[in-house]
Amino acid sequence: MLKRREDYTPPAFLVTSVDLNIDIHELSSIVTTKLAVTPNPAAGGAGILHLDGRGLELQAISIDGKPLADTDYSHDESGLQITGLNGACVVETIAECHPETNTALEGLYLSGGMYCTQCEPEGFRRIGFYPDRPDVMSIFTVRLEAARAYPQLLSNGNLIETGHCGTDRHFAIWHDPHPKPSYLFAAVVGDLDCAVDSFQTMSGRKVNLHIYVEKGNVGLTHHAMDSLKRSMRWDEEVYGLEYDLDLFQIVAVSHFNMGAMENKGLNIFNSKFVLADPKTATDTDLHRVESIIAHEYFHNWTGNRVTCRDWFQLTLKEGLTVFRDQCFSADMHDAGLQRADDVSMLRAAQFPEDRSPTAHPIRPESYREINNFYTATVYEKGAEVIRMLASYLGKDGFRRGTDLYFERHDGAAVTCDDFVAALADANGVDLSEFAGWYSQAGTPELTASRVAIDENQAFAIEFTQTIPETMAKTPRLPLPIPVRIGLVGDDGAIVPFRLSADAPYLDEQVTLVTGKTHLQPIFPASSGKVVPSLLRNFSAPVILKDDLSSSERLHLMAHDADMFNRWDAAQTLLADQILAIADDPNHGVDETAIAALAKAYANSLANPDLLDMFKSGLLTLPAISVLESRMTPADPVALFHTRRVVEAALGRMLAPQIKSALTDENVAIMTKTNGGRALLNRLLGLAIAAGDNAAIERAANQVHDQNMTLSQGALMALNHCDHPARAIALQAFHDRWQDSPLVMEKWFMMESMSLVSGTVARLGELMAHPAFDANNPNKLRSVLGAFMTGNPVHFYADDGSGFDFIGDCLIDIDARNPQLAARMALPLTRMAQYAPERRAKMGAVLEKIQKQAQSNDLREVLDKALGDRPSPA
Ligand code: B3K
Ligand code: ZN
């Protein structure tokens, strides 16, 4: 059934408090929900009480202690409808559910011997009967009972009582004083080890911090614990937000559909994002752990204390919380680089989504399965929209806005409009122009061309915006696009400028493009040639098409004061070279252009003011999905090869620099810092692409390093290279880590991404490997997900074998885990950009899957991809 945003109606009843009892047994669990309900005045008096429930066996139902007659309620696959309630009363239901056979990993399920829950967005209804919608917020008291073989009985809030039931069972009662929607409920029952620490809040309260992990893994929690404490401090310092319970718990589980979940006071994490140290995780992994811990922690205020009125408002909490975690990471590390990483991700994942059949605005207008909307658009583009609002208001103005937001809406379920209204009211400004960013899908294209306006060096930039048509068919009105501008002089120095003849001169300014076209005059403070640096720090989520020449871009790459734009200039120059060859196979490498680029790189490498980490980022080539957007029809196989060709050419031309950087002595220094390790790995990659045997040998040795960044970095550098050293290195890595499930995910990923070995036949072997587990999303993602996104040559193979293989896997996965199947199907649905033969093969596979898809999740995605074609009954 299609749900529409415009159809929102408030709930007929509110739940003032709930007593939940979960009694866990080996063959089923019994869940009692006792709800104190009261008619919702906002809904205009009593109506029908709807209790959601899915796949539950109802055993009893009563009102105020009296069993209900069959005629007083109806029960269908969506739940219970109870009529005839006139005022406040207590509704009690008893239901049976089956965590032991739950492979969908939604609701209550068994993972690696422990019971855990995932309720967001609509998983609670698989546990017990309840109005499972975010605008019903209630005070939860939870009693958990299980065999004593499971010592930990955890839930949200504070532990208020524990005790025994006979000789072999026990219970625990938890009370959460903060009203919350059911999606934030969590319970964990298991036999776990616990890392313990504490944090003193800004008002001097002590918060106990517990991280629960599988037995023997406490040693791998230090980084997560430190990250948590840094996040707690940051939220106090930057937003004035303090943690509000005496206990904060994190539990790591091995079977998890996504990264982590912000349940109140009891975050549940994919173990991959908790268990990490430099031996088993790369520097990038450690960074990711830190940012996910921060993200979930920050939800305590942006999501939990103030939550979403309905699921169309998802970006209210997700866009804002991603923005917050990005700012946290920028503060903890290098801001320019963080921005480059975040924008790379946006361009590689969200821009393609906007061009795809599943395009939607950050606040969708309709859905069939809300799980399909936890997307790069809602999250990452949502964060970009918050970033534009934040930079428009300035640091203090944004803080005034968030302060008012929490003051007005603490303990409530609200909308995106409420958020924007708080920002506007706190600053006495009108933000209504920004509303279009919430309701329109598609990545705006902004062209910028310079026009001369007088002889005194003044010029104007003519901006034109185009909002593309998308499959979401949302309006296409011009959007407010803040463009941050700077000028770089001929000598590389900053040239101040003003935007009108009587305005002050400033080093950097923002112009807000609001209409379809916008002419912005620029008056530089000094005469001489200047290069405009536009959209600095990626001030808006748009595709910028400017009129800079290659030599102007090289100039920005060398001198721009905005580090993001230095990096971005290099990205464009690289993409230009890759596309020139991909578009025309006779073109060959433009030796002059690559030599100029190599010279710029040589200068950057020699620049002591640049961080090694930045140099490594500068030398990273744009992703295939980014390159695809500039090629019609896109050919991912050709792009993969030409990307390699350009990488090889660059490696050859930088050979002298790489050689002198990679002496034993230098390498020993580089291995000591994360920036050094990143640069070392990148230089190895370039040298190996260029066929440098000394680099192959160095990488083959480095695979055995005790530091995972070095070990995996060396493997990645070797991974597409058809040389015996590659297979030997991968085998050695396998043998060393075969008993470590998380590290084996890296091995699976490298095997399936390799140009050399990642064939469909090999995927079959990987899936038969003892470390593979077809019910574990991480394992499926590391074999099949990595293949689809990281191995274009085999996935997009002309004979369609890659599509056929994935299609069969998706049908199989859908029967067990619909949410995962729908997400993993997305690359197959992005076929419109490819040539007809390839598109036809992808379409045929989608039709085959459509015939067998069982879930609403997968069907929604397929129906969108296959457009108007009739869907089989
Ligand atoms: N809020 C969860 C995501 C839940 C996804 C459900 N399919 C994690 C997060 O964004 O923090
Ligand atoms: Zn989130």
Side-chain angles (χ1 to χ4, degrees), residues 15 17-36 51-63 65 67-68 75 79-80 90-119 123-132 138-176 180 182-192 212 249 251 253 263-266 268:
V15 180
S17 66
V18 47
D19 284 311
L20 182 67
N21 190 80
I22 303 185
D23 198 0
I24 292 189
H25 294 271
E26 218 170 293
L27 299 178
S28 73
S29 295
I30 304 297
V31 178
T32 307
T33 57
K34 193 171 171 186
L35 319 177
L51 300 182
D52 296 291
R54 220 178 127 181
L56 301 174
E57 290 149 46
L58 179 67
Q59 296 192 334
I61 175 164
S62 65
I63 307 282
L68 267 194
H75 186 185
L80 303 171
V90 175
V91 180
E92 185 170 330
T93 67
I94 304 178
E96 187 175 347
C97 68
H98 289 279
E100 65 288 343
T101 54
N102 177 352
T103 54
L105 314 185
E106 262 189 294
L108 178 64
Y109 64 93
L110 197 54
S111 158
M114 81 171 99
Y115 291 86
C116 63
T117 56
Q118 171 54 36
C119 292
F124 193 88
R125 62 190 63 186
R126 295 166 180 261
I127 300 176
F129 287 100
Y130 194 80
D132 190 15
S138 187
I139 309 278
F140 279 65
T141 305
V142 178
R143 181 181 179 279
L144 300 172
E145 186 189 313
R148 282 168 67 180
Y150 300 101
Q152 277 79 37
L153 304 171
L154 312 176
S155 193
N156 320 82
N158 304 313
L159 180 62
I160 52 173
E161 195 184 331
T162 58
H164 296 302
C165 324
T167 48
D168 60 349
R169 293 179 67 79
H170 67 153
F171 72 90
I173 300 177
W174 293 80
H175 178 76
D176 180 358
K180 65 168 177 290
S182 48
Y183 84 84
L184 290 173
F185 162 78
V188 172
V189 170
D191 183 8
L192 303 164
Y212 289 93
Q249 313 178 86
V251 181
V253 305
N263 317 297
K264 182 76 188 188
L266 175 57
I268 297 184

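The first residue in the sequence is number 1, and the count goes up from there.
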So, the side chain of Trp174 versus the backbone of Leu153: is there a donor-acceptor pair under 3.5 Å, distance only?
yes
The reported gap from CZ in Arg143 to CG in Asp19 (rounded to nearest 0.5 angstrom) is 11.0 Å
Treating His25 as the side-chain partner and Ile30 as the backbone partner, does any N or O pair qualify as donor plus acceptor under 3.5 Å?
no
To check you understand the geometry: which heavy-atom pair defines the closest contact between Glu100 and Leu27, and what is its length?
OE2-O, 2.7 Å
What one should report as the nearest heavy-atom pair of Tyr212 and Gln152 is CE2-CG, 3.6 Å
Which atoms form the tightest heavy-atom contact between Gly128 and Val31, and what is the distance?
CA-CG1, 4.0 Å
Compute whether any side-chain donor of one residue and acceptor of the other, for Ser28 and His98, lie under 3.5 angstrom apart.
no
Would you say the side chain of Thr93 lies within less than 4.5 Å of the side chain of Tyr130, judging by non-hydrogen atoms?
no
With distance as the sole test, does Asp52 use its side chain to make a donor-acceptor pair with the main-chain N or O of Gly79 at under 3.5 Å?
no
Taking atom CG of Asn102 and atom SG of Cys97, what is their separation to the nearest 0.5 Å?
8.5 Å
Check: Thr117 side chain, Ala187 main-chain N or O, donor-acceptor pair, under 3.5 Å:
yes
Do Leu144 and Ser155 come within less than 4.5 Å of each other through their side chains, counting heavy atoms only?
yes
Measure across Phe171 and His164 and return the closest heavy-atom pair with its distance rounded to 0.1 Å.
CE2-N, 4.0 Å
Check: Gly55 main-chain N/O paired with Arg126 side-chain donor or acceptor under 3.5 Å
no
For Ser182 and Pro131, which heavy atoms make the closest approach, and how far apart are they?
OG-O, 4.3 Å
What distance do Asp23 atom CG and Glu96 atom CD have between them, rounded to the nearest 0.5 Å?
11.0 Å
Let me know which of Leu58, Leu56, Val15, Val91 forms a side-chain contact (heavy atoms from CB on, under 4.5 Å) with Leu51.
Val91
Closest approach of Cys116 to Val253 (non-hydrogen atoms, all atoms of both residues)
SG-CG1, 3.9 Å
With rounding to the nearest 0.5 Å, note down the distance linking NE2 in His175 to CG in Asn158.
7.5 Å
Give, for atom CD1 of Ile173 and atom CD of Glu161, the distance between the pair rounded to the nearest 0.5 Å.
4.0 Å
Counting neighbours of CZ on Arg169 that are heavy atoms of other residues, nucleotides or ligands and sit closer than 6.0 Å, is the number greater than 12?
yes
Is there a side-chain contact between Gln118 and Ile268 in this structure, where contact means two heavy atoms from C-beta onward sitting under 4.5 Å apart?
no
Kindly say whether Phe129 contributes a backbone atom to a donor-acceptor pair with the side chain of Thr33 at under 3.5 angstrom?
yes
Report the relative orientation of the aromatic rings in Phe124 and Phe185; use parallel for angles under 30°, tilted for 30 to 60°, perpendicular for over 60°.
perpendicular
Look at the side chain of Asn156 and the backbone N and O of Leu184, then say whether any donor-acceptor pair between them is shorter than 3.5 Å.
yes
Rounded to the nearest 0.5 Å, how far apart are OG1 of Thr103 and CG of Leu110?
12.0 Å
Could you check if a side-chain atom of Cys119 sits within less than 4.5 angstrom of a side-chain atom of Ile127, using non-hydrogen atoms only?
yes
